[in-house]
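Beneath this line is the structure, given in structure tokens, with notes to follow.
Sequence lines set the chain letters: A, B, ... in the order given, protein chains first and strands last, and positions in each chain run from 1. The shown structure was predicted, so the numbers you read here are calculated from the model rather than taken from an experiment.
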Protein chains: 2
Amino acid sequence: MRIGELSERTGTPRRLLRYYEEQGLILPDRCANGYRAYDERLVDRVLQIRGLLDAGLPTRIIKQILPCLDKPRRIHFSDATPEMITTLKDERDRMTRRIDCLTRNRDAIAEYLDAVLDNHTTS
Amino acid sequence: MRIGELSERTGTPRRLLRYYEEQGLILPDRCANGYRAYDERLVDRVLQIRGLLDAGLPTRIIKQILPCLDKPRRIHFSDATPEMITTLKDERDRMTRRIDCLTRNRDAIAEYLDAVLDNHTTS
DNA sequence: TGCGTCCCTCACATGGATGTGAAGGCGAGG
DNA sequence: CCTCGCCTTCACATCCATGTGAGGGACGCA
């Protein structure tokens, strides 16, 4: 598919699809006329990228962890340099901390909402 | 305590403590000489702010949800305008999506790490 | 008194993700 | 053939969190 369709199906501005490519996150083919040609699977990948960006990860890190997440759980041991392992462990722990923080605060918001809404209906 | 101590205890540059104040996230007292005076409780609050910022929330949103998270779970119904309720629900759901995305990807990283490390020790 | 360390405000700079628009090529339909 | 919509690249602009430094006041200690 071309950039317009991918943009619509992922709700992502074309500008950003080109930006993600520039950052090495996606690597579309090119048609003879120079148009970018995106594989069907890139829909999910773009959504994944957007989710991670929204969760605070920079493209630099996303680029590093994406290859480890490929669907056919085929381990690329060539990528598994010691520094890479360290990076992955660090990111895993950072993500865990983020999850904990978000969960705590989301639950507090939910609790507040429950209290407020409950009060509203019973008063 | 003064800004230096808070900075050390939270690992936060002074510059950012002033920035958070400018954004209305914290409201320190002032000593006679103009120095900022931070309450003990602000240590936790600053850490909470940093966690939320790191998780991708903008200060604008953090400012809105912070008051609902105060320790003495005393509901401020005055804040509970309809738009506020809507905002909170939206943020709660956004946070849930973030948590899901982070959890999925963190688990995938952990799985990859397990596989790689296991392979390393057994080969 | 002077020096060192903390604090203040103000302001400009940077980096990353994103917006916006110009200038132009390709291809389908009237 | 012309026009319209989609594509290309390039480049400058914006927002936000953060860095950095100048210029100066407050306080404590030798």
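For B/Arg15 and B/Gly4, each mapped to the nucleotide of DNA chain C holding its nearest heavy atom, the one lying further toward the 5' end belongs to B/Gly4.
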Between A/Arg18 and A/Ile3, is a side-chain contact (heavy atoms from CB on, under 4.5 Å) present by the stated rule, with each step listed? CA-CA 9 Å; A/Arg18 302 199 182 98; A/Ile3 201 171; 3.7 Å; yes
Between B/Arg94 and A/Asp54, does a salt bridge (Lys or Arg N to Asp or Glu O under 4.0 Å) hold up when you go through it step by step? CA-CA 10 Å; B/Arg94 266 178 85 80; A/Asp54 181 64; 3.0 Å; yes
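From B/Arg15, atom CZ reaches atom CD of B/Glu22 across 7.0 Å, with rounding to the nearest 0.5 Å.
Within the nucleic acid shown, B/Arg60 has no heavy atom closer than 4.0 Å to any nucleic acid atom. Residue contacts shown for B/Arg14 are limited to sugar-phosphate atoms, with no base heavy atom under 4.0 Å away. When heavy atoms are screened at a 4.0 angstrom cut-off, B/Arg2 is found touching the sugar-phosphate backbone but no base atom.
Atom-to-atom, OH of B/Tyr19 to P of C/dC10 comes out at 17 Å; the value is rounded to the nearest Å. Spacing between atom CD of A/Gln23 and atom C1' of C/dG16 amounts to 8 Å, rounded to whole angstrom units. Rounded to a whole Å, the CD atom of B/Glu22 is 13 Å from the P atom of D/dT18. Between the CG atom of A/Leu57 and the P atom of C/dG15 there is a distance of 20 Å, rounded to whole Å. Remark: P of C/dC8 and CZ of B/Arg30 are 6 Å apart, rounded to the nearest angstrom. Counting to the nearest Å, the P atom of D/dA17 and the CG atom of B/Asp54 are 13 Å from each other. What separates CD1 of A/Ile26 from P of C/dA17 is a distance of 14 Å, to the nearest Å. Rounded to whole Å, the distance from CD1 on A/Ile61 to C1' on C/dG15 is 15 Å.
Residues B/Leu66 and A/Ile109 share a single hydrophobic cluster, defined by chaining ILVMFWY side chains whose heavy atoms lie under 4.5 Å apart.
Looking at heavy atoms from C-beta onward, B/Met95 lies in side-chain contact with B/Leu52 at the 4.5 angstrom threshold.
Taking only side-chain nitrogens and oxygens, B/Arg18 comes nearer than 4.0 Å to OP1 or OP2 of C/dC8. Look at A/Asn33 and you'll find a side-chain N or O under 4.0 angstrom from OP1 or OP2 of C/dG27. Distances shorter than 4.0 Å separate some side-chain N or O of B/Arg36 from OP1 or OP2 on C/dC8. The phosphate of C/dA17 (OP1 or OP2) has a side-chain N or O of A/Thr59 nearer than 4.0 angstrom. Under 4.0 angstrom from either OP1 or OP2 of C/dT18 there lies at least one side-chain N or O belonging to A/Tyr20.
Closest to the side chain of A/Ile3, out of D/dG25, D/dT8, D/dT18, is D/dT8.
Residue A/Tyr35 places a side-chain atom within donor-acceptor reach of the base of C/dG25, judged by atom type and a 3.5 Å distance cut-off alone.
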